[in-house]
Amino acid sequence: MLEIKNLHATVDGAEILKGIDLTINAGEVHAIMGPNGSGKSTLSYLLSGREGYEMTEGSVLFKGKELLDLEPEERAGEGLFLAFQYPVEIPGVPNTTFLKEAVNAVRKYRGESELDAMEFVKQLRAKTKELGVNPDFLKRAVNAGFSGGEKKRNEMLQMAMLEPSLCLLDETDSGLDIDALKAVAEGVNAMRGPERAMLVITHYQRLLTYIVPDKVHVLSKGRIVRSGGPELAQELEEKGYTESVEAA
Amino acid sequence: MAQEILSTDPYLARFNAAKAGLPGAGQSWLSELREQAAARFRDLGFPTQRHESWKYTPLKAMKGVSFAPAGGTGQSASLDRVPSLLAPLLPESQPPLRATLVGGAFRPDLSSLDGLPAGAKVEALGALLERDPGVLESWLGRIAAEGGDRGDQPLLALNTALFDDGLVIRLGRNVVLDRPLELTLLGPLGDEATQLHPRILIVLEEGAQATLLEHHFGYGDAPVFHNGVSEIALGANARLTHVKLQSAPASTFHFATTHVTQDRDSVYDSFTLNHGAALSRLETRVKLLGEGADCHLNGAYLLRDRQHGDITTAIDHRVPHCTSKEVVKGALDDRARGVFQGLIRVAPDAQKSDGRMLNKTLLLSDKAEIDTKPELEIFADDVQCAHGATAGEIDHHALFYLRSRGLPEARARSLMVEAFLTETVEELRAEALRPLLLERIRDWLGTRHDDTPGKGEQAA
């Protein structure tokens with residue numbers, strides 16, 4: 001699904017990622033943990049296509065295509081979904097309009113027929129109910145005036161509607177109380193399946209109690225310094241990054 | 001003497017040559033009005049950038065063009081080049097009320113005014129001046145004078161000197177037009193550079209109500225100097241919804257001066273969509289003369305290439321307890337230039353006035369320019385007034401967010417612009433007219449499609 005080889009990247013000329021190798025297969029959930037400044041955000045932005053991040057060496061293959069050559073909308077079309085750390089508020093654009101545009105843009109990219117209004121609403125209602133999302137969300141403008149938890153739930157709703165093959169969750173737990181965190185984790189877990197891979201990027205172990213990964217990687221100074229099973233997350237929580245990184 | 005940019009001479013010569021033949025020439029009050037106006041125009045000259053209110057809107061592009069009077073050419077103009085013969089703007093649930101002017105001349109053959117309720121009169125100005133000019137004496141030029149013509153509007157004066165046709169709408173007490181009146185102003189259709197000075201007079205007596213949908217457009221690439229004036233008097237508790245679409249061709253210089261007077265508890269709810277012409281200036285002056293009067297001047301400008309569009313407004317709170325609200329937003333692309341000048345004036349006695357004004361511009365190109373000047377002049381101490389202006393680019397974070405969800409960049413951009421402008425359309429209280437405006441905005445953005453987002457939203 002995702003194959004990262006010897007990835008080097010710079011931001012404003014400074015090298016942040018210094019040779020990352022990571023392979024994620026369909027059906028797997030990986031977590032990348034690391035202290036502030038380790039390069040977690042850079043990795044996530046680079047994969048999602050945000051401007052200002054440059055790969056200087058290596059390759060990132062997504063389903064066999066060079067991911068970083070694609071525009072952000074092409075990445076979405078190919079099946080990449082980034083759940084934002086800070087979902088953007090877009091006043092004036094109704095959430096339903098946005099979701100319908102997104103779903104149909106992605107369908108169009110994939111050569112599928114666009115959903116008509118009826119079919120779209122049917123699917124939207126089903127997913128909204130499934131995720132326990134307040135239907136009032138749909139009438140409001142995208143994320144405008146949403147609480148932190150509501151924004152993250154909205155991300156989960158988008159993810160469910162777009163049916164991506166690779167979900168990238170960037171610090172999805174930041175700023176969430178425990179109830180919101182559980183709700184988000186439930187949304188993510190419901191999406192797990194043999195055809196879908198996930199990459200969870202997080203500073204804290206807390207989220208991984210609810211979304212249990214198959215593999216955990218520790219990122220430090222732009223490199224993956226340790227990899228292991230879910231127990232590694234627990235170790236990091238107990239011993240802290242410094243000790244775990246030094247142990248590597 | 002300061003050097004003039006545009007010479008008044010050809011216009012004054014035209015006035016002297018034509019005045020004996022202008023409609024209503026036999027009426028001394030009208031002849032006097034025209035003579036005074038011509039003299040004022042001569043004294044003031046064409047506006048230059050030295051005039052404070054014209055600082056941002058130069059007329060130099062009109063220099064050297066000799067505009068022939070449209071006269072009655074619109075009466076006989078061939079409509080061959082008009083593709084869809086004046087399709088009604090609103091879906092026809094009932095036979096529309098329509099008045100059409102071509103090249104400034106009223107065209108009965110393109111108008112449909114049957115079925116007006118008793119007490120409602122909609123007539124060609126030229127014909128009315130020939131038939132029964134007396135009924136206009138207390139209105140023509142008087143509304144503008146009362147509405148704040150401080151002798152500083154040369155284009156208004158020029159129109160008064162030269163107007164030869166237009167439309168007069170008069171509604172008697174409590175007369176209600178139950179369907180919108182579509183007023184189509186089709187430009188001159190000839191190949192010659194043309195000037196026209198149409199005049200519109202709207203008088204709503206106490207309790208009368210109407211909706212006017214005014215649409216300016218045209219065909220061809222001959223230069224046009226359009227200098228329109230509208231005078232609107234709203235009696236006590238009268239209500240006028242006034243939507244104006246300025247969609248003139250790219251060779252047009254479009255000037256419109258509107259004066260409104262409002263008596264107590266009257267409502268003027270207006271929306272202007274300014275997206276046509278090479279150069280346009282829409283100047284509106286409203287005087288709130290009766291307590292409880294309520295005025296909404298909302299609008300949007302959509303300009304690209306090298307278009308220049310100026311929206312200038314002045315709202316005068318003369319008495320206590322009146323409200324005014326103005327939300328004007330625009331999107332400027334390429335090298336387009338927008339101008340917004342808004343003034344709220346509150347007279348010393350006009351306590352409890354509530355006046356709010358907001359101008360926002362989205363700059364879609366780094367070569368586009370907006371000059372915005374919101375002003376408050378408040379002489380009363382117990383009022384609520386506010387103004388604000390912003391200009392900026394499309395939010396890049398939002399753009400990235402939309403794209404990361406699969407929306408192509410062009411669509412993400414147009415969705416953002418549409419969202420930005422929708423907020424101002426929603427200020428128009430006549431909800432039934434909003435889709436028409438949104439459709440125009442989508443047309444401009446090139447994203448019009450039958451399955452509108454609005455429908456999906458309703459279905460949910």
Side-chain angles (χ1 to χ4, degrees), chain A residues 45 48-51 71-84 86-110 114-118 120-122 124-125 128 135 137-139 141-144 155 158-159 161-162 164 168, chain B residues 298 300 327 329-331 358 360-362 390 392-428 434-435 437-438 441-442 445-460:
Chain A
Y45 293 158
S48 64
R50 188 173 294 202
E51 281 175 20
E71 297 292 337
E73 57 268 35
E74 293 171 328
R75 298 179 198 206
E78 293 290 340
L80 177 72
F81 181 91
L82 169 70
F84 280 67
Y86 302 111
V88 182
E89 300 195 9
I90 313 183
V93 177
N95 217 2
T96 304
T97 303
F98 162 60
L99 280 166
K100 184 157 180 269
E101 293 261 352
V103 166
N104 279 334
V106 163
R107 290 183 68 94
K108 203 171 162 187
Y109 182 91
R110 295 172 188 166
E114 296 186 19
L115 296 182
D116 63 29
M118 291 292 285
F120 170 76
V121 168
K122 206 173 120 193
L124 183 59
R125 280 195 181 139
T128 305
F137 273 28
L138 303 172
K139 293 175 197 154
V142 179
N143 295 328
E155 296 287 288
Q158 292 169 35
M159 188 162 91
M161 288 299 292
L162 290 171
L168 189 58
Chain B
N298 300 309
V327 179
K329 287 189 172 192
L358 182 64
K360 284 186 172 186
T361 305
L362 208 47
T390 64
E393 299 175 345
I394 287 186
D395 178 351
H396 288 279
H397 294 294
L399 203 55
F400 175 69
Y401 189 71
L402 293 173
R403 292 179 70 192
S404 78
R405 296 298 179 253
L407 275 68
E409 185 176 2
R411 180 58 192 138
R413 280 181 167 276
S414 66
L415 195 62
M416 296 281 300
V417 178
E418 192 181 316
F420 174 76
L421 296 169
T422 297
E423 286 180 325
T424 176
V425 173
E426 284 171 355
E427 292 289 331
L428 180 68
R434 291 179 194 166
L437 292 164
L438 292 173
I441 289 169
R442 289 190 194 117
L445 290 167
T447 58
R448 187 171 175 180
H449 45 102
D450 292 331
D451 187 10
T452 59
K455 286 177 189 167
E457 193 193 348
Q458 283 159 15

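Below, read A as the first sequence line, B as the second, and so on, with proteins coming before strands; counting in each chain starts at 1. What's counted below: heavy atoms across the whole structure, side chains too, no hydrogens, waters or symmetry copies.
Between the CD atom of A:Glu51 and the CZ atom of B:Phe400 there is a distance of 8.5 Å, given to the nearest 0.5 Å. In this structure, the separation between OG1 on A:Thr97 and CD on B:Glu418 is 8.5 Å, given to the nearest 0.5 Å.
With a 4.5 Å cut-off on non-hydrogen atoms, B:Glu409 touches chain A through its backbone and its side chain both. Of the atoms belonging to A:Pro87, heavy atoms from both backbone and side chain fall under 4.5 Å from chain B. When heavy atoms are compared at a cutoff of 4.5 Å, A:Glu155 approaches chain B solely by way of its side chain, counted from C-beta outward. Proximity to chain B (any heavy atom under 4.5 Å) is shown, for A:Asn104, by neither the backbone nor the side chain. Looking at A:Arg75, there are no atoms closer than 4.5 Å to chain B (heavy atoms on both sides), in backbone or side chain. For B:Ser404, the parts lying under 4.5 angstrom from a heavy atom of chain A are both the backbone and the side chain. Interface residue A:Phe84: backbone and side-chain heavy atoms are both found under 4.5 Å from chain B. Contact annotation for A:Val103: neither backbone nor side-chain heavy atoms come within less than 4.5 Å of a heavy atom of chain B.
Across A:Pro72, A:Ala76, A:Gly92, A:Ser48, the residue that shares the most heavy-atom pairs under 4.5 angstrom with chain B is A:Pro72. Considering only heavy-atom pairs separated by less than 4.5 Å from chain B, the leading option among A:Ile90, A:Val106, A:Asn143 is A:Ile90.
B:Ala419 approaches A:Pro91 most closely through the heavy-atom pair CB-O, 3.8 Å.
Shown here is B:Glu393, whose CD atom has no more than 12 heavy atoms of other residues, nucleotides or ligands within 6.0 Å.
Ring geometry for A:Phe98 against B:Tyr401 counts as parallel: the plane angle stays under 30°, on a 0 to 90° scale with 60° as the upper cut.
The salt bridge (Lys or Arg N to Asp or Glu O under 4.0 Å) test with B:Arg403 is passed by exactly one of A:Glu101, A:Glu73, A:Glu74: A:Glu73.
At distances below 3.5 Å, not a single donor-acceptor pair connects side-chain atoms of B:Arg405 with backbone N or O atoms of A:Met159.
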